[in-house]
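Owing to the predicted nature of the structure, the values given are computational and were not obtained by experimental measurement.
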Amino acid sequence: MTLQATVYVPPHPLIQHWLGVVRDRHTPGALFRPALGELGRWLTYEAVRRDWLPLTATTVETPLAAATATFIDPMVPVVLVPILRAGLTLLEGSQNLLPLARVYHFGVVRDEATLEPTIYLNKLPAQLDPDTRVLVLDPMLATGGTLMAALEALVSRGAQPAYIRVVAVIAAPPALQKITRHYPQVQIYTAGIDETLNEVGFIVPGLGDAGDRSFGTM
């Protein structure tokens with residue numbers, strides 16, 4: 001499924017399975033967190049497999065003879081940006097696939113009355129190489145304000161929208177419309193697109209507050 005050719009909902013059976021687990025209100029935190037980690041792993045797999053990681057060809061010696069080999073180009077930086085705090089739950093799954101990626105934490109809190117985001121932590125470097133591949137990890141894309149703040153910070157430091165991909169568990173139309181309007185080159189990979197937001201900005205049916213459910217702070 002695509003939306004304006006920038007939003008992908010991969011039909012992977014493991015993604016569908018783990019999405020069902022995290023949606024269930026009866027899933028305990030001890031299972032909820034690793035389930036989000038699995039979604040981070042499989043959505044990252046989907047996000048990086050479409051000509052995103054640059055490759056380099058070389059020759060290696062097998063025990064018997066020389067052979068051509070292809071590797072991920074180590075000269076091109078790869079960056080993971082988890083949106084705190086719920087984005088930490090996706091990080092382990094992403095790091096398992098991209099163990100050499102640098103991790104820059106980005107913390108955002110949303111005002112419960114206005115739904116406007118406030119940045120409270122920004123560990124991004126002052127400047128990013130324009131060839132840097134950036135994977136933003138944000139489980140819930142509701143109003144889009146948090147992700148917009150992260151994208152603006154990344155682009156202002158030299159990141160190219162065409163090299164930015166987003167991993168999200170659930171997305172809602174307001175966020176997707178906002179992001180695709182302002183950053184049409186950014187690709188979003190999500191396990192599901194839900195219908196609407198409620199009066200306090202939560203995705204419906206969604207999965208509740210991913211941070212609270214993950215860290216037992218409900």
Side-chain angles (χ1 to χ4, degrees), residues 1-11 15-16 18-20 22-25 32 35-36 39-40 42-44 46-47 81-90 94 105-122 124 134-156 159-214 218:
M1 178 180 180
T2 63
L3 177 68
Q4 298 184 11
T6 61
V7 182
Y8 298 89
V9 182
I15 292 175
Q16 295 176 30
W18 290 113
L19 176 60
V22 298
R23 280 197 189 275
D24 189 342
R25 65 181 299 176
F32 187 83
L36 284 179
L39 285 166
W42 294 108
L43 287 166
T44 296
E46 293 287 344
V81 182
I83 306 298
L84 304 185
R85 60 187 167 143
L88 293 173
T89 61
L90 303 178
S94 294
H105 297 88
F106 195 81
V108 181
V109 63
R110 190 172 68 171
D111 187 288
E112 294 183 0
T114 67
L115 304 183
E116 291 299 314
T118 298
I119 300 169
Y120 66 86
L121 180 70
N122 184 346
L124 296 173
V134 181
L135 200 65
V136 181
L137 311 174
D138 190 2
M140 311 296 289
L141 304 183
T143 65
T146 296
L147 182 56
M148 278 292 295
L151 293 176
E152 289 167 0
L154 286 162
V155 172
S156 71
Q160 300 299 307
Y163 294 150
I164 300 175
R165 297 194 173 180
V166 177
V167 164
V169 175
I170 297 291
L176 298 179
Q177 292 163 5
K178 181 179 294 183
I179 300 307
T180 56
R181 182 170 64 252
H182 289 89
Y183 295 101
Q185 291 179 295
V186 172
Q187 296 186 13
I188 299 171
Y189 292 78
T190 181
I193 299 175
D194 283 356
E195 297 177 1
T196 188
L197 305 178
N198 65 14
E199 65 279 2
V200 293
F202 274 71
I203 301 174
V204 179
L207 49 84
D209 188 307
D212 282 343
R213 293 186 67 188
S214 295
M218 299 177 67

Original post:
How many angstroms lie between atom CE of Met140 and atom CG of Leu207, to the nearest 0.5 angstrom?
Top reply: 4.0 Å
Original post:
Would a 4.5 Å heavy-atom cut-off, applied to side chains only, mark Ile203 and Leu197 as touching?
Top reply: yes
Subject >> Least distance between heavy atoms, Phe106 atom then Ala150 atom >> reply: CE2-CA, 3.6 Å
Subject >> Residue pair Ser156 / Ala153: nearest heavy atoms and the distance that separates them >> reply: OG-O, 2.8 Å
**OP:** Quick one: closest heavy-atom pair of Gly144 and Ile179, and the distance?
**Re:** O-CD1, 4.1 Å
Original post:
Are any of the side-chain heavy atoms of Ile15 and Leu43 separated by less than 4.5 Å?
Top reply: yes
Subject >> Reported OH-to-CG distance for the pair Tyr120 and Leu84, which is rounded to 0.5 angstrom >> reply: 4.5 Å
Original post:
Atom CD1 of Ile164 and atom CG of Leu154: how far apart are they, to the nearest 0.5 Å?
Top reply: 5.0 Å
**OP:** Working to the nearest 0.5 Å, report the span between CG of Leu137 and CG of Leu39.
**Re:** 12.0 Å
Original post:
Of the non-hydrogen atoms in Ile119 and Ala149, which two are nearest, and what is the gap between them?
Top reply: CD1-CB, 4.2 Å
**OP:** With the side chain counted from C-beta on, respond yes when Met148 and Tyr183 share a heavy-atom pair under 4.5 Å apart, and no when they do not.
**Re:** yes
Original post:
Are the side chain of Asp194 and the backbone N or O of Gly206 linked by a donor-acceptor pair below 3.5 Å?
Top reply: yes
Subject >> pair Thr143-Arg110: side-chain heavy atoms closer than 4.5 Å >> reply: yes
Original post:
Judged by atom type as modelled, is there a donor-acceptor pair below 3.5 Å linking the side chain of Thr190 to the main-chain atoms of Ala168?
Top reply: yes
Subject >> Minimum-distance pair of heavy atoms, taken over all atoms of Glu46 and Tyr189 >> reply: O-CE2, 3.6 Å
**OP:** Going by the side-chain contact (heavy atoms from CB on, under 4.5 Å) test, name the single residue among Leu141, Val9, Ile188 that passes it with Ile193.
**Re:** Val9
Subject >> Side-chain touch Pro82/Leu90, heavy atoms, less than 4.5 angstrom >> reply: no
Subject >> Side-chain touch Leu19/Ile170, heavy atoms, less than 4.5 angstrom >> reply: yes
**OP:** Measure the spacing between NE2 of His105 and CD1 of Ile83 and express it to the nearest 0.5 Å.
**Re:** 10.5 Å
**OP:** Any chance you could measure Leu147, atom CG, to Glu152, atom CD, to the nearest 0.5 Å?
**Re:** 9.5 Å
Subject >> Donor-acceptor pair, side chain of Arg23 and main chain of Pro205, under 3.5 angstrom >> reply: no
Subject >> Which atom of Ala86 lies closest to which atom of Ala210, heavy atoms considered >> reply: CB-CB, 4.1 Å
